[in-house]
Amino acid sequence: MDKGKIEEVIQKQVLTVAQAVEDQIDDEIAALERLDTDDLEVLRERRLQQMKKMAEKRSRWISLGHGEYFEIPSEKDFFSVVKASERVVCHFYRENWPCKVVDKHLSLLAKQHVETRFIKINAEKSPFLAEKLKIIVLPTLALIKNAKVDDYVVGFDELGGTDDFSTEDLEERLAKAQVIFFEGESSINHARSSAHTKRSVRQSTKADSSDSE
């Protein structure tokens, strides 16, 4: 097939796709035009109910401590938290630099993902829990859904093998485990887009001498 015929075939394919898209849009517009006042009122009421339910959920999540990153003082408190919240990210830590890096990321994510409870617990002060959940390497994140540990993020191996990973890297890993809601663009990227800044947490902590060891 010569070049001219190939271009003709490609043009026909493009036109076919364009026509299909245009027809779909026309159908959607026609469907909207067929809606009468009662139909629109039903849609509006349905949307209001959805918004009301989401507001109630957010209120309940906030009352349980969602939206902030807290330390759980005891093993007993851990069990109370995981029973109360459907989704929990628990950071098993000790006082060292890698765990401080994780703290910075989780503090950001807790504010962005109110649907999930973000907590930390000192592994060295929680021997029963650490043994039960087979926590060996620190930091380790236990990803908990419906009161059961569903997955782990152990150390930094899944995050590029370095402590210079971004909050977005961790956010995507948690979303993959379905312990947070995540659609499309990273919520962290979206929140930062107006400032046009993309510093890693490691860079920001280096500028803050109070966090260095």
Checklist entry - Has Gln49 got more than 12 heavy atoms of other residues, nucleotides or ligands less than 6.0 Å from its CD? => result yes

Checklist entry - Any donor and acceptor pair, going by atom type alone, linking the side chain of Ser107 with main-chain N or O of Asp103 inside 3.5 Å? => result yes

Item to check | Phe78 and Phe92 aromatic ring geometry - parallel, tilted or perpendicular at 30°/60° bounds | outcome: tilted

Next on the checklist: Between Phe165 and His105 (judged by ring centroids, cut-off 6.0 Å), do the two rings come close enough to count as a pair?
Outcome noted: yes

Checklist outcome for this item: Tested for side chain to side chain contact (heavy atoms under 4.5 Å, CB included) against Tyr69, the lone hit among His91, Lys111, Lys104 is His91

Checklist entry - In terms of the angle between their ring planes, are Trp61 and His66 parallel, tilted or perpendicular, with boundaries placed at 30° and 60°? => result parallel

Checklist entry - Is there a donor-acceptor pair closer than 3.5 Å between any side-chain N or O of Ser85 and the backbone N or O of Arg117? => result no

Checklist entry - Counting only N and O atoms by type, is there a donor-acceptor contact under 3.5 Å from the side chain of Thr116 to the main-chain atoms of His113? => result no

Next on the checklist: Strictly distance-based, threshold 3.5 Å: is any side-chain N or O of Tyr152 a donor or acceptor partner for the main-chain N or O of Leu133?
Outcome noted: yes

Next on the checklist: Tell me if a side-chain donor or acceptor on Glu75 pairs with a main-chain N or O of Leu129 at a distance below 3.5 Å.
Outcome noted: yes

Item to check | Test applied, salt bridge (Lys or Arg N to Asp or Glu O under 4.0 Å); reference residue, Asp151; option that passes from Arg173, Lys145, Lys176 | outcome: Arg173

Checklist entry - Taking NZ, NE, NH1 and NH2 as the nitrogens, is one of them in Glu115 or Arg87 under 4.0 Å from a carboxylate oxygen of the other? => result no

Next on the checklist: Keeping Ser63 on the side-chain end and Arg60 on the backbone end, is there a donor-acceptor pair under 3.5 Å?
Outcome noted: yes

